[in-house]
2 protein chains.
Amino acid sequence: MSEFLDTAAERYHPGLSVDCVIFGFHENELKVLLLKMKHTAKWALPGGFVEKQEHMDKAAIRVLEKRTGLADIFLQQFHTFGDPARHDHEMDLELFKQSGRDPVKDHWFLQRFITVGYYALIEFSKANPRPDDISEACEWKSIDQLPAMILDHRKILEKALDTLRFQINYQPIGHKLLPVKFTMPELQKLYETILGKELDRRNFQRKMLAYGILKDLGERRKGGAHKAPYLYSFDVKKYNAALKIGLKGSW
Amino acid sequence: MSEFLDTAAERYHPGLSVDCVIFGFHENELKVLLLKMKHTAKWALPGGFVEKQEHMDKAAIRVLEKRTGLADIFLQQFHTFGDPARHDHEMDLELFKQSGRDPVKDHWFLQRFITVGYYALIEFSKANPRPDDISEACEWKSIDQLPAMILDHRKILEKALDTLRFQINYQPIGHKLLPVKFTMPELQKLYETILGKELDRRNFQRKMLAYGILKDLGERRKGGAHKAPYLYSFDVKKYNAALKIGLKGSW
DNA sequence: AAATTAATGTGTGATATTGACGCAATGTAA
DNA sequence: TTACATTGCGTCAATATCACACATTAATTT
């Protein structure tokens, strides 16, 4: 941390950070990847700073790859948070002290920060969550059982979720969040979770199939306690073509 | 300009600007307010810097009020542009020279800038466009006859338009862009311009009326060369309520 | 091994929305 | 007065949505 504070002013763009809301889907629940910060009970969104001549999107990708071990992540910028009150100056001073130094006036780290929010959709099972230097844990948390979070991270997360909901007909939600093979009930659960409401099983299936973006694999997922559902895959080409004009239909 | 360069580093957040895409509707055309820059043939979006402890949204409002003379403007943040190549370092140096000074290394103004894009919807007839210090004109330009623009401003404008199109069912487009009283053909033209395609007159009317967000004023707009159309107003309360859940319907 | 259970697969009809038109009414200009 | 372009109102078939019923199936229970 101390070394970071020394070199940050040279390396990074002043007063600018990126924060990532990383979504995953597991056991019929929508989850986000959060970091448990050291020296506090609160959790944080994975974030980082933007190097002086680095593309902002690139900085977000860097953060994402570090935390998940994945490359080629689906990423979307959704909002920039520019309230001067969003940063907790007291907390910054605290971090400074913990690094064993006296707060320097006008230090790079102590100025006001703007943060750019990105959301990512990743396949849960492929990720390998890893904490960073300033955190002691990196875990998936269900979006309806979120722990206390630092600063305005809760607000950022909510905004990401709102955006995801709003763009549901224009983003490859299913393709990025589900494994290659999935069942119709799984796909439905995903939609229900994002939309926050239940859908009629039969109407959902009819509509999805009508889009013509699914490939019926013929196989069934055995092992469940009841009738085995069919497995599907996305026809990526048709899926992307359909998303360009938007999957029509109100949910 | 020279004075600005001296005090900027103290007053403003480093490497951060806001740019506004100000939309207006006039003579059946969607227009944007642009500034003609001094010493170059190119035009620019009205923009500005963010004061050190100022809310970013507030900075955008400040810019808007200065350029249009209007208060209480409808404003939406839509995207942040963080490509380091977006700024034209040569042009910055040129501006520096024109202020009669030698480029100082690492000067506040010469660093890399991130810009946050906002779009505004205003009632054309109420605005009083005024140029600022570094521009010699401030005019409305039709979106299908745009002049050459500096930096990535053209791209920013396109993105604003895409966003507007995307959010058309969730933003008070008509209410903010049209005068209090308007005719159905006018409202339709507005939608057609934003969507970039023609709509059936009769179906449009049926749908609009079905939303229940319009008040029929009973009056007609005389003076046109043909049958006089009725005048309408928005029922703001119902309009806003409808926008919350979105005006359902595909255009 | 048969019955039970709780899912899944398939289908159907009422209702609402959409898209593509027809036609009469109206204000100005010829 | 007539011609004409535009507006107001209406129709109808095609499509989409919504709310269900019923048959099928894989594991579990009896």
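The figures that follow rest on heavy atoms only: side chains count, while hydrogens, waters and symmetry mates do not. Letters A, B, ... mirror the listed sequences (proteins, then strands); counts begin at 1. None of the values given here were measured: they were computed from a predicted structure.
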Decide yes or no, distance alone: a donor-acceptor N/O pair under 3.5 angstrom between the base of [N] and the side-chain of [X].
| X | N | value |
| --- | --- | --- |
| A:Lys222 | D:dA26 | no |
| B:Arg206 | C:dG19 | yes |
| A:Lys227 | D:dT25 | no |

Do side-chain atoms of [X] reach the backbone of [Y] as a donor and acceptor pair under 3.5 angstrom?
| X | Y | result |
| --- | --- | --- |
| A:Ser135 | A:Pro131 | no |
| B:Arg220 | B:Tyr230 | no |
| A:Thr115 | A:Ser17 | yes |

Rounded interatomic separation in angstrom, taking [atom1] from [X] and [atom2] from [N]:
| X | N | atom1 | atom2 | answer |
| --- | --- | --- | --- | --- |
| B:His226 | D:dG8 | NE2 | P | 14 Å |
| B:Asp200 | D:dC12 | CG | P | 17 Å |
| A:Asp216 | C:dT8 | CG | C1' | 13 Å |
| A:Leu199 | D:dA19 | CG | C1' | 14 Å |
| A:Glu219 | C:dT8 | CD | P | 18 Å |
| B:Glu186 | D:dT7 | CD | P | 10 Å |
| A:Tyr232 | C:dG9 | OH | C1' | 8 Å |
| B:Arg220 | D:dG8 | CZ | C1' | 8 Å |

**Prompt:** Nearest to the side chain of B:Ala228, which nucleotide is it out of C:dG19, C:dG27, D:dA21?
**Reply:**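 Nearest to the side chain of B:Ala228 among the choices is C:dG27.
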**Separation between CD of A:Gln188 and CD of A:Glu192, rounded to the nearest 0.5 Å** =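 Atom-to-atom, A:Gln188:CD and A:Glu192:CD are 4.5 Å apart.
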**Request:** Would you please confirm or rule out a distance under 4.0 Å between OP1 or OP2 of C:dT17 and any side-chain N or O of B:Lys248?
**Result:**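 So the side-chain polar atoms of B:Lys248 do come within 4.0 Å of the phosphate oxygens OP1 or OP2 of C:dT17, strictly under.
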**Asked** For B:Arg201, which contact category applies under a 4.0 Å heavy-atom criterion: base, sugar-phosphate, or nothing?
**Response**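 Base contact.
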**Asked** Considering heavy-atom distances to DNA chain C, does A:Thr183 or B:Arg202 have its closest nucleotide positioned more toward the 5' end?
**Response**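 The residue closer to the strand's 5' end, by nearest nucleotide, is A:Thr183.
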**Test log, rule side chain to side chain contact (heavy atoms under 4.5 Å, CB included), inputs A:Lys248 and A:Ile245** = CA-CA 8 Å; A:Lys248 60 183 171 183; A:Ile245 53 170; over 6 Å; no
**Message:** For A:Lys207 and A:Gly224, find the nucleotide of DNA chain D closest to each by heavy atoms; which residue's nucleotide sits nearer the 5' end?
**Reply:** A:Lys207
